[in-house]
Amino acid sequence: MHRISMLAGALLMAGVLSAQEWKPESTEWYYPAPPVVKPGKTLGQPPSDAVVLFDGKDLSQWVSVNDEEAKWKVVNGEMIVVPGTGGVKTKAYFGDCQLHIEFKSPPAEKYNGQGRGNSGVFLQSRYEVQILDGDNNHTYVNGMVGSIYKQSAPSANAYTRNGEWQVYDIYWKAPRFGTAGVLEEPARITVTLNGILIQNNYVVKGHTPYVGLPEYHAHGRLPLMLQDHGTAVAFRNIWIRNL
Ligand code: MG
């Protein structure tokens, strides 16, 4: 809140200023001015303050989850999971952020359910937004594409067709922990898939295990992680804004 409105509020509480004496400028503030951020040339391209994590060229921003060289491949501007090589994570660490990431499922072929095009976006390496083929693919809804894995089903299936690029925009508020590691504020997440709101300020219950219940364990900034779940999911145009 700016000092003008704070002053007006203080005067109001002190009985110096009655509500009838409010002026338009009593509730207007000018500082601090938000920074100028220039949008990308077309929708979905990185804005001027984004950290570009993959622009089609190389894996220079990534390492394997074991802190070795990232073993996924880059083909025709796409970063593709090499099944069995493990997940990859960013060299940079993140807290609150806005993430843009595009993915494409491999050909559906014979696989179904969790076996078809499974990967995942792990915010702070722990909290998964599921990546899965959502084209006529039957599975548990809190594990379908757009779910917060095993916590929250998406409010819509906004996936288009197998073989087409899918666009996630994720807005992440990291959990807050006190000095003794006690959870003070859970994480919150908002997700759009192909521009359609599918998770609206969801309060995250904890990490997102395959077996068991979500829990929080204190942590600070951590890498963004992408999952190897055994299928050759492709990625492109990955960027993030620190908030
Ligand atoms: Mg997954």
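All values below come from the heavy atoms of this structure, side chains included, with hydrogens, waters and symmetry mates left out. Order of appearance sets the numbers: ligands from 1, and atoms from 1 within every ligand. Treat the numbers as computed from the prediction; the structure is a model and nothing was measured.
- The Mg ion (ligand 1) lies closest to atom OE2 when only the N/O/S atoms of Glu128 are considered.
- For an aromatic pair to be called close, the ring centres must be under 6.0 Å apart, and Phe177 with His219 satisfies this.
- Residues Phe54 and Trp239 place their aromatic rings such that the two centres sit no closer than 6.0 Å.
- Only one option out of Ile170, Thr208, Leu222 pairs with Leu123 in a side chain to side chain contact (heavy atoms under 4.5 Å, CB included); it is Ile170.
- At a cut-off of 2.8 Å, Gln227 coordinates the Mg ion (ligand 1) through an N, O or S atom.
- Between O of Ser119 and OD1 of Asn118, the angle at the Mg ion (ligand 1) works out to 80°, rounded to 10 degrees.
- For the atom pair Ile101 CD1 and Leu224 CG, the distance stands at 6.5 Å (nearest 0.5 Å).
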